[in-house]
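Only this structure's heavy atoms are used, side chains among them; waters, hydrogens and symmetry mates stay out. Labels below follow one simple rule: chain letters A, B, ... track the order of the sequence lines, proteins then strands, and each chain is numbered from 1.
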Number of protein chains: 2
Amino acid sequence: MKEIIALLRRHGIQATPQRIAIAECVLKADAHPTADAVWEAVKRAHPTVSRATVYNTLHLFCERNMIKSQILKEGIAVFDRNTGPHHHFIDEGTGEIIDIPWESLEVIGEESLQGFEIREYQVVIRGRKKTG
Amino acid sequence: MKEIIALLRRHGIQATPQRIAIAECVLKADAHPTADAVWEAVKRAHPTVSRATVYNTLHLFCERNMIKSQILKEGIAVFDRNTGPHHHFIDEGTGEIIDIPWESLEVIGEESLQGFEIREYQVVIRGRKKTG
DNA sequence: GTTCGTGCAAACGGTTTGCAACAAT
DNA sequence: ATTGTTGCAAACCGTTTGCACGAAC
């Protein structure tokens, strides 16, 4: 709670009850919520928050590099508290998104691609999480 | 033209003028059109096609594995005639999507990921195409 | 009192759906 | 006559925008 406020301050964001609630939700470990999922969650504590506030706040967080938005699913953006480079696994059954640590995979050959100025890259894996 | 009809038949799709036009458009080399781009293009030859027909037809092609839809950009699907495995480069300036041949890159370590049943994976690179 | 954050509602753009007309078998 | 295909319009969903109210420096 105190840390969240400090974190917001550190990113030049004025702390408000709504923003704190949104930050708490989206910074939860291993969460990749959609904007609407954040809205639903935040509404439990702040029943009056508007969708617009949630969207605006998430964009603000992205601009300030607190979180990153990822386009991995059909037509919807999900938010990722992990702003460093990492890969993603997408469960095609459940839609669940799982971070894969950067060191788990190695990509070879990207430096030798001609004609591209690479800013970032990631491996996107689709399949199913093994049950059990 | 004849080949397109044969191709449709081969995928169990009845050939109609609209479908042939849509197929011609989306199967063009190196094209990654959006559904609306296909609609615009097809309208030139068939001014009466409806958006719905284009969307339905593209979905049909996807189901029948003639093309693949990719979710790489904000909120819009693009269609890819390259149904085999390959990687993608996305120009962050223009939004252009470029296929990277599968053999250009090698990913190491994906077999040793625990708990995942991998169906497919690809490297998604973001950056800028070098000018000149 | 000016700036910043909020809530509401309406608009937006891409996509989907329901339905009636139509063509093909 | 049945089946499949089309066009239209309306609905839909995630997202964005405009604006007025209110709180905070």
If you round to the nearest 0.5 Å, how far is NE2 of His46(B) from CD1 of Ile22(B)?
8.5 Å

Starting at the 5' end of DNA chain C, which residue's closest nucleotide do you reach first, Ile76(B) or Ala52(B)?
Ile76(B)

Indicate yes or no: does Arg128(B) engage Glu117(A) in a salt bridge with an N to O separation below 4.0 Å.
no

What distance do Asp91(B) atom CG and Ile125(B) atom CD1 have between them, rounded to the nearest 0.5 Å?
12.5 Å

Separation of dT15(C) P from His59(B) NE2 (nearest whole Å)
8 Å

Distance, nearest 0.5 Å, that separates CD1 of Ile97(B) from CG of Asp80(B):
8.0 Å

Nearest-Å distance, CZ (Arg51(B)) to P (dG13(C))?
10 Å

Contact list (N/O, under 3.5 angstrom) for nucleotides 4-6 of chain C vs protein:
residue : atom : partner  : partner atom : Å
dG5(C)  : OP1  : Arg19(A) : NH1          : 2.7
dG5(C)  : OP1  : Arg19(A) : NH2          : 3.3
dG5(C)  : O5'  : Arg19(A) : NH2          : 3.3
dT6(C)  : OP1  : Thr16(A) : OG1          : 2.4
dT6(C)  : OP1  : Gln18(A) : OE1          : 3.2
dT6(C)  : OP2  : Arg19(A) : NE           : 3.3
dT6(C)  : O3'  : Gln18(A) : NE2          : 2.9

Does anyone know the first and last nucleotide of DNA chain D in reach of chain A, 5' to 3', at under 4.0 angstrom to a heavy atom?
dG14(D) to dT17(D)

Taking atom types as modelled and ignoring hydrogens, do the side chains of His88(A) and Asp99(A) form a donor-acceptor contact shorter than 3.5 angstrom?
yes

Please report whether the ring centroid of Trp102(B) lies less than 6.0 Å from that of Tyr121(B).
yes

Do Val42(B) and Met66(B) belong to the same hydrophobic cluster, where Ile, Leu, Val, Met, Phe, Trp and Tyr are linked whenever their side-chain heavy atoms lie under 4.5 Å apart, directly or via other members?
yes

Should we count NZ of Lys129(A) as having more than 12 external heavy atoms under 6.0 Å?
no

Distance check needed: dA24(C) P versus Ile5(B) CD1, whole Å only.
14 Å

